[in-house]
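What follows is a set of notes on a single structure, which appears directly below.
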Amino acid sequence: MKTVGVLALQGDFAAHGAALERAGAAPVYVREREQLAALDGLIIPGGESTTMLKLLGYDGLLDALVEFGRHKPVFGTCAGAILMASHVLSPAQESLGLMDLDIERNAYGRQIDSRVAVLEPEPEFQERTAPGKLEAVFIRAPVIRRVGGGTKVLAWYAGDPVLVENGAHLAATFHPELTRDTRVHALFLEKL
Ligand code: GLN
């Protein structure tokens with residue numbers, strides 16, 4: 001069986017662990033860079049990206065994650081998607097730069113700070129997982145403002161990409177770990 005890590009410094013890592021179990025994988029909670037060598041892939045959860053960045057600064061974990069992402073699949077959700085991006089706006093902050101994306105934090109504004117939307121994912125997403133609409137939980141979500149060449153958008157909300165794939169990596173601005181639908185996690189597991 002493949003070994004999937006969930007970065008467990010801050011945020012809703014336990015919900016990702018439970019989602020991985022529902023999708024048929026056994027999660028490993030990652031807090032130290034020494035743990036990365038044993039993993040086939042890693043999930044960076046939602047939470048607060050600035051806090052996560054600060055915690056990643058200790059112990060050289062930030063650089064270790066950049067190196068890990070050069071060889072292994074990484075999936076970032078919400079704050080994790082912010083960390084995946086090459087360019088972070090409002091305010092600008094450091095990131096791993098694993099995906100060629102511009103992402104704007106807290107960009108939906110207060111009125112839709114947090115909401116549940118029902119999306120019609122792209123046919124390719126449905127073909128690779130299973131057919132059907134996708135419930136997306138947005139919590140103070142960022143908006144992806146630009147996707148680089150070679151990036152595939154697998155789901156949109158209100159005209160903006162919300163689930164994107166580039167090579168081995170995946171990013172979602174919503175929280176698939178908070179619904180019973182395991183397709184997004186299953187898609188990531190397919191990449192390992
Ligand atoms: N607003 C958070 C940030 O900017 C992300 C929110 C989340 O992960 N649910 O880091």
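Counting starts at 1 for both ligands and their atoms, in listed order. FYI, side chains are in, hydrogens and waters are out, and symmetry mates aren't considered; it's all heavy atoms of this structure. Start at 1 with the first residue, then count along the sequence.
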Ligand 1 and [X], any nitrogen or oxygen pair closer than 3.5 angstrom?
X   : value
C78 : no
T77 : no
A79 : yes
T50 : no
I82 : no

Study note, to complete from the structure: What one should report as the nearest heavy-atom pair of A81 and A171 is CB-CB, 4.0 Å
Check your understanding: For the residue pair L36 and F68, what are the closest heavy atoms and their distance?
Key -> O-CE1, 3.5 Å
Residues [X], [Y]: salt bridge by 4.0 Å N-O rule:
X    : Y    : answer
R128 : E190 : no
R33  : D63  : no
E165 : K191 : yes

**Study point:** Backbone of A8 reached by a side-chain donor or acceptor of R31 within 3.5 Å
**Key:** yes
Check your understanding: Who's the nearest protein heavy-atom neighbour of atom 5 (C) of ligand 1, and how far?
Key -> G47 O, 3.4 Å
Review point. How close does the nearest protein non-hydrogen atom get to atom 4 (O) of ligand 1, and which residue and atom is it?
Key: R105 NE, 2.7 Å
Point to revise | Heavy atom of M52, distance to ligand 1 below 4.0 Å | key: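 For ligand 1, residue contact (heavy atoms, under 4.0 Å) with M52 is absent.
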